[in-house]
Every structure is written in C-alpha cells, then in structure tokens.
Amino acid sequence: MEHRQVADPAVPRQADVVIVGNGALGLFLADELLERRAGSVVVVGPSDRDAGASRAAGAMLGCFGETTSESLRTDAARTRFELGVRGHERWPDVLRRLEEYSSTGFPLQVATETHVVLNAIGAELDTVNFESMLKALDEYGKPWSEVDPQDIPGFRPRTDARALRAVCLHEEGAVDGRGVLAALENRLTATGVTLVDSTVRRLIGSGDAVTGVELADGTVIEAGAVVVAVGVRSEALVRTVAADLELIPMFAGLGFAMIAQRTAGTPFSSVVRTPNRGFACGLHVVPAGPGREYIGATNRLVDDVSNVTWVADVRYLAQYGMQQLDEQIARHEVVQWLSGNRPVTLDGFPMIGWLPMNGLYLMTGTYRDGFHCAPLLATHVANELQGKPGTIDPMFSPTRRPIVTRTIDWSVEEYVQHNMAAWFETGAEAAPQMTTTQLAAFYRARGTEAYEKLGVDYALGPDVLWYAEGSLVGARRVARYLRRVGGETPVLAPASSGIGDAR
C-alpha cells in the first residue's frame, strides 16, 4: 500500500511572509521582521538543518582575520568586504537580545579575541595574506598587537610547525553557532513566529507572481512574499517556478569540522587560526563551551549537496590540528562531527534581491560570511520587503552578470598560489630534484590548460577554477552558463581528475 503523508493541521495556511530556510539568514530575517511587527511570518526548514552551512559554522565574528590579498584589491571586493565590517558592528546588540533565550548554560559569545598565527607549513600565500590583514586593520583603524606565539593560551604546536609570528585581533572573537540558532528559535516561537519543521517541495506561482509554497506533505501556505534562503539549494527551488530564469550559478562548498572534548593540556580561550590558504579559510580552533573546542578548516566544491565528508578531510583536521595548533588534540574525544554546504556563487559574491516574479526574494550566496553578516543582511532584506530603501549595494542582484575582479592570467596565478599552499601544508612530496619553481610551473600549466578546455574568457576565483578543472559536471555548468551570457564556445572535458590534490 502506498504511504501518503498527511498535512499537519497546525501549519498555518496563510502568512504575510514565508521564509524558506531556517539557517542563520532565515532566522535573523524572521527576528528582524518580528522586531518591526511586520505581519505574520512563517519559517520553513527541517529541524536538523540537513547539510546546511549554518549547522556546521564555526561562527567566528571576524572579517579582518579572513583578509586576503584580494579583499581590498578592487572596488567590488572592497564592497563585499565592508559587509563584514558593518555586520560585525551588529553583534553586541544581537547577543544582548538573545542571551535570555539561550539554553546552553554558558554565554553565547565563546571568545572575544582572535590570534592569527603565521607558520612555515604553507607557502608564500600565508605571508601575503598575513601582511594584507595587517594593512587592512591599519587602514580601517582596528586594534591589533604583535604577541609571542608561546603566550597564546592553548597554542602548543609541534616544534616543526611552530609559529614565526602571531598577532592578536582584539575585537574579533566567536559565538556558539548552534547556541545562537537555538536561542533565535526560542525567541521566535515565544513571540509569535511559526517555525515549520519541513521542507518546501516547490514554489507556487500565478501568472508573473509567486503566491506561496508547497511543503513536502502537500500542504500549501499562501504568502504575500516568499524569501528563499536555503543556501546552496536555493537555485533549484527558484527553478520550480521560474525554470528559465538566468541566475548566477551556485556550487556546494562542502566543509567539515569536529567538536572535541579536551582531555589534557591548557584550553584555548580565544580563536586561533592561520591566514586563509589552500582554497579554504585557514586551519582554526574555536572555544565551544566548557571543555570543548571546535576544529575546522576544510572546503571542497562538490557536484551535489552532501551531509557526509571525505575521510581525507577527517584525516586533515586531526593530523594538522595536532601539528599546527596543539599536540594534545591527539588525545581529545570527538563529541560531534559537523558537515555543511556553503553556497558558493560563480563570481564569489552574494545573491540578494528581488527576482523578476512578483513576491519572490532571494537571499543566499554568502559563502563563508553568512553567519557573521546575517544580522546586517536581515535589516537590508526587511527594508526591501517593506518597500524601503535597502542598506547594501544593489550590485548583489541575483540576476546580474558575473562581477569581474580579475584577469585570466591573474586567476591562474591565484590557482597556483593556493595549490602550492595546499601542497606544502599537507606534506606532499615531489621528486628530490624538482624545485619549487618547477612545481609552480606544473600548476600554472594545469590552470592554463583548464581555461583552454573550458573555452571561456571570464576569470574564475581559485576555488571555482579548481572545481571546474577537476569535475566534468562543474566544467559543464561553468562553460554553459558563461556561453549563454557571452563567453566563448566551450570544450567540456576537464583538464584532469583533480581528486585529492587539495582540500
């Protein structure tokens, strides 16, 4: 006998705003609308946030610790960077508002400082990004100080991975990401917002307007406006009502982290991290409540959304956390494995704005900045939903052409730098007679060949190029989209498998 789901009678059938997605973006937007008394709000999302980015977030409240040589090089990149600067300013008020709804038993803010360490495990990219960070801190007048790496509580790497320099960023810390989400849910349910533990099967349209959503069990909720904020799954959901809409392609950036119970040694009292490197945000540890620590770093663009990770990434965190952060990590007890998929756009910029169909709004593509910027973006989106002027640059429109920030040659050199950083950090070995210059030439040839085979003239970020170079599915998506919007005719074979080259 066929099993049919029965609609939940407790689910409202109408709302002024339906938010699809219960990650940081969706919940903070609901909270902002609640503050404004903006009518009835329903948030739809599975309670386990399966494969979502927010469930696995380290929730570092940092933008300067993430600075790279690219952060301020172009006007477009600076505009994106300053979203983080402005977003950071919102968090003191956010924490004051949420603390009474927390059920963790410890403060939601788990660290008030960040230590960035420069070790010799990576490559020149580490130094470049470290110096870019210090320059950005000075330009924006943010406090920092040079410290002796040995004075950082908890930081006891192996001798061969010791830090050459370390700085303390006095205004960047971290929150308990899962605790913040739970506190938001507690506040919303206590004050009239309906949270529906389900997924949306499709959007419902009538003519040139979106009028509601259909849940997995067939329940229909009519809405005055629908906000799609389901991360990397947003594009597929939008296409259930607008199949031919030209959107910036979005890819799943699979990340893995673990929360460990400390069993020996001095605990970390601040965020400790390396600069961004190797296609990722750098190795980092974040205090995660009494006796626990969050260890993360990995990023891998993949063909399909997944809630599992590779053994190689597990090995990477365990081995290099022990080597570069604290040797005692080898003894820690893992209490939780975390994996999630960051929404990565082809040009690396968010997708935030109204779509051509009336009543449909898109809020995604924030990559690694979604949790940190969520309170700021919530204000902007709430303004636009209410017909008020937005608070961020309209350049992030979802139907834009790709934003240009680099040339092909520049893109290839970035790709080389990140591969070199990953090569040396993971201890990969070449033939004894092969020099660093020759290794760079090898990766430069691969990057150049990738563009020749893709047949496109739009310059990709290093992570997207790495993905397109190693995945036939990725190569086809990139090439077909760029051909439609004006790129060259593509050849759809990737340069090589790319499997295992870098995280």
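Throughout, numbering of the chain's residues begins at 1 and tracks the sequence.
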Side chain of [X], backbone of [Y]: donor and acceptor closer than 3.5 Å?
X	Y	result
T194	V42	no
S339	N307	yes
S397	G353	no
S47	D197	no
R342	Y367	no
R277	A422	no
N22	P46	yes
R13	E222	no
R55	G52	no

Between [X] and [Y], does any side-chain donor sit less than 3.5 Å from a side-chain acceptor?
X	Y	result
W410	E70	yes
D16	S40	yes
S471	D303	yes
N129	N276	no
R233	T199	no

In terms of side-chain geometry, is the basic nitrogen of [X] or [Y] positioned less than 4.0 Å from the acidic oxygen of its partner?
X	Y	value
R80	D369	no
R78	E139	yes
E235	R477	yes
E66	R273	yes
R187	E35	yes

Which distance, rounded to the nearest 0.5 Å, do you find between the [atom1] of [X] and the [atom2] of [Y]?
X	Y	atom1	atom2	result
M395	T79	CE	OG1	5.0 Å
H115	S145	NE2	OG	7.0 Å
T366	F396	OG1	CZ	11.0 Å
L454	L482	CG	CG	8.5 Å
E172	L61	CD	CG	8.5 Å
R97	L184	CZ	CG	8.0 Å

Taking all atoms of both residues into account, what is the closest heavy-atom pair of [X] and [Y], and its distance?
X	Y	result
L355	P398	CD2-CB, 3.7 Å
S102	L108	OG-CD2, 3.5 Å
T364	I352	O-CG1, 4.2 Å
S306	A51	O-CB, 3.7 Å
I259	A288	CG2-CB, 4.4 Å
M363	L29	SD-CD2, 4.1 Å

So [Y] and [X], do their side chains get closer than 4.5 Å, heavy atoms only?
X	Y	value
L237	T240	yes
Y140	T67	no
C373	H380	no
L72	K135	no
T405	F349	yes
F279	L301	no
V404	D347	no
Y458	L346	yes

Fill in: Criterion side-chain contact (heavy atoms from CB on, under 4.5 Å) on L460 and Y415, from CA distance to verdict
CA-CA 9 Å; L460 304 166; Y415 169 83; over 6 Å; no
Item to complete: Classify the ring geometry between Y294 and H284 as parallel (under 30°), tilted (30 to 60°) or perpendicular (over 60°).
Response: parallel
Item to complete: Determine the interplanar angle of the F28 and W91 rings, folded into 0 to 90°, and report it as parallel if under 30°, tilted if 30 to 60°, perpendicular if over 60°.
Response: perpendicular
Discussion item. I'd like to know whether T219 forms a side-chain hydrogen bond (donor to acceptor under 3.5 Å, both in side chains) with D217, so could you lay out the CA-CA distance, the side-chain angles of the two residues, the decisive distance to 0.1 Å, and finally the verdict.
Written reply: CA-CA 6 Å; T219 300; D217 64 3; 2.8 Å; yes
Please say which of [options] ends up in a side-chain contact (heavy atoms from CB on, under 4.5 Å) with [X].
X	options	value
L98	N186, D93, V180	V180
V232	T345, V344, N341	N341
I19	V41, L27, V228, L25	V41

Practice prompt. Could you walk me through whether N383 and R36 pass the side-chain hydrogen bond (donor to acceptor under 3.5 Å, both in side chains) test, one step at a time?
Written response: CA-CA 10 Å; N383 274 11; R36 299 182 182 206; 2.7 Å; yes
Discussion item. Between L33 and L385, does the side-chain contact (heavy atoms from CB on, under 4.5 Å) criterion hold? Intermediate values first, please.
Written reply: CA-CA 9 Å; L33 293 172; L385 290 176; 4.2 Å; yes
Worksheet item: Should we say atom CG of D75 is surrounded by more than 12 heavy atoms from elsewhere, each under 6.0 Å from it?
Response: no
Item to complete: Begin with the C-alpha distance, continue with both residues' side-chain angles, and end with the deciding distance and a verdict on side-chain contact (heavy atoms from CB on, under 4.5 Å) for L203 and M357.
Response: CA-CA 11 Å; L203 304 179; M357 296 191 72; over 6 Å; no
Fill in: Aromatic contact, F81 with F64 (centres under 6.0 Å)
yes
Discussion item. Could you walk me through whether F371 and L181 satisfy the side-chain contact (heavy atoms from CB on, under 4.5 Å) test, starting with their C-alpha distance in whole Å, then the side-chain angles of each, then the deciding distance to 0.1 Å, before giving a yes or no?
Written reply: CA-CA 10 Å; F371 211 109; L181 294 177; 4.1 Å; yes
Item to complete: Step by step, work out the salt bridge (Lys or Arg N to Asp or Glu O under 4.0 Å) result for E414 and R73.
Response: CA-CA 13 Å; E414 283 185 277; R73 189 175 61 82; 5.4 Å; no
